[in-house]
Amino acid sequence: YFTTEKILILSTNEYSELFSIEKGVIPNSRFEEINQLTDLSYCVKQNGLYGIYRVDEERLIIPCAYSRVISFSFFMQG
């Protein structure tokens, strides 16, 4: 079902960004690729490297400086 509290990932051929009904496009959330890890954390790709973005803080908490990100339920590699 759809709820207005969910964060959406909007994608074009060139980039992806995060969107909420409440805020619209979330600041600092435009990246080459975005994949959800948790309700608050997203694995993002910029310039071919990966980092972690926190939607509640509207910023990267781990910079896009890594060739892969591994979590218990998620794996991304460039």
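The minimum heavy-atom distance linking Tyr53 with Pro27 is given by the pair OH-O, 2.6 Å. Annotation for Gln46 and Arg30: closest pair OE1-O, 3.7 Å, computed over non-hydrogen atoms. Contact record, Leu10 with Phe19: CD1-CB, 3.5 Å, taken as the closest heavy-atom pair.
Atom NZ of Lys6 is separated from atom CG of Asp39 by 5.5 Å, given to the nearest 0.5 angstrom.
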### Query
Does the side chain to side chain contact (heavy atoms under 4.5 Å, CB included) test come out yes or no for Asn47 and Cys64, once each step is laid out?
CA-CA 8 Å; Asn47 299 320; Cys64 292; over 6 Å; no
### Task
Evaluate ring-ring contact (aromatic ring centres under 6.0 Å, His included) for Tyr15 paired with Phe31, printing each intermediate quantity in order.
CA-CA 6 Å; Tyr15 62 86; Phe31 299 96; over 10 Å; no
### Steps toward side chain to side chain contact (heavy atoms under 4.5 Å, CB included) verdict (Ile52, Leu60)
CA-CA 6 Å; Ile52 304 295; Leu60 286 168; 6.0 Å; no
### Task
Before giving the answer on side chain to side chain contact (heavy atoms under 4.5 Å, CB included), spell out for Leu49 and Tyr66 the whole-Å C-alpha distance, their side-chain angles and the decisive distance to 0.1 Å.
CA-CA 5 Å; Leu49 297 173; Tyr66 303 93; 5.9 Å; no
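Taking 4.5 Å as the limit, some side-chain heavy atom of Leu18 sits within range of a side-chain heavy atom of Tyr42. Proximity of Val55 to Ser29: side-chain heavy atoms (C-beta onward) are nowhere separated by under 4.5 Å. Side-chain contact between Ile26 and Glu58 is present, with heavy atoms from C-beta onward closer than 4.5 Å. A heavy-atom distance below 4.5 Å is not found between the side chains of Leu8 and Ser20.
With hydrogens and angles ignored, the 3.5 Å screen pairs no side-chain donor or acceptor of Ser41 with any backbone N or O of Thr38. A distance-only check finds no donor-acceptor pair linking the side chain of Asp56 to the backbone of Leu40 [under 3.5 Å].
Within a 6.0 Å sphere centred on CG of Asn28, other residues, nucleotides and ligands contribute more than 12 heavy atoms.
Under the rule for a side-chain contact (heavy atoms from CB on, under 4.5 Å), the partners of Ser16 that lie at least two apart in sequence or sit in another chain are Ile9, Ser11, Ile34.
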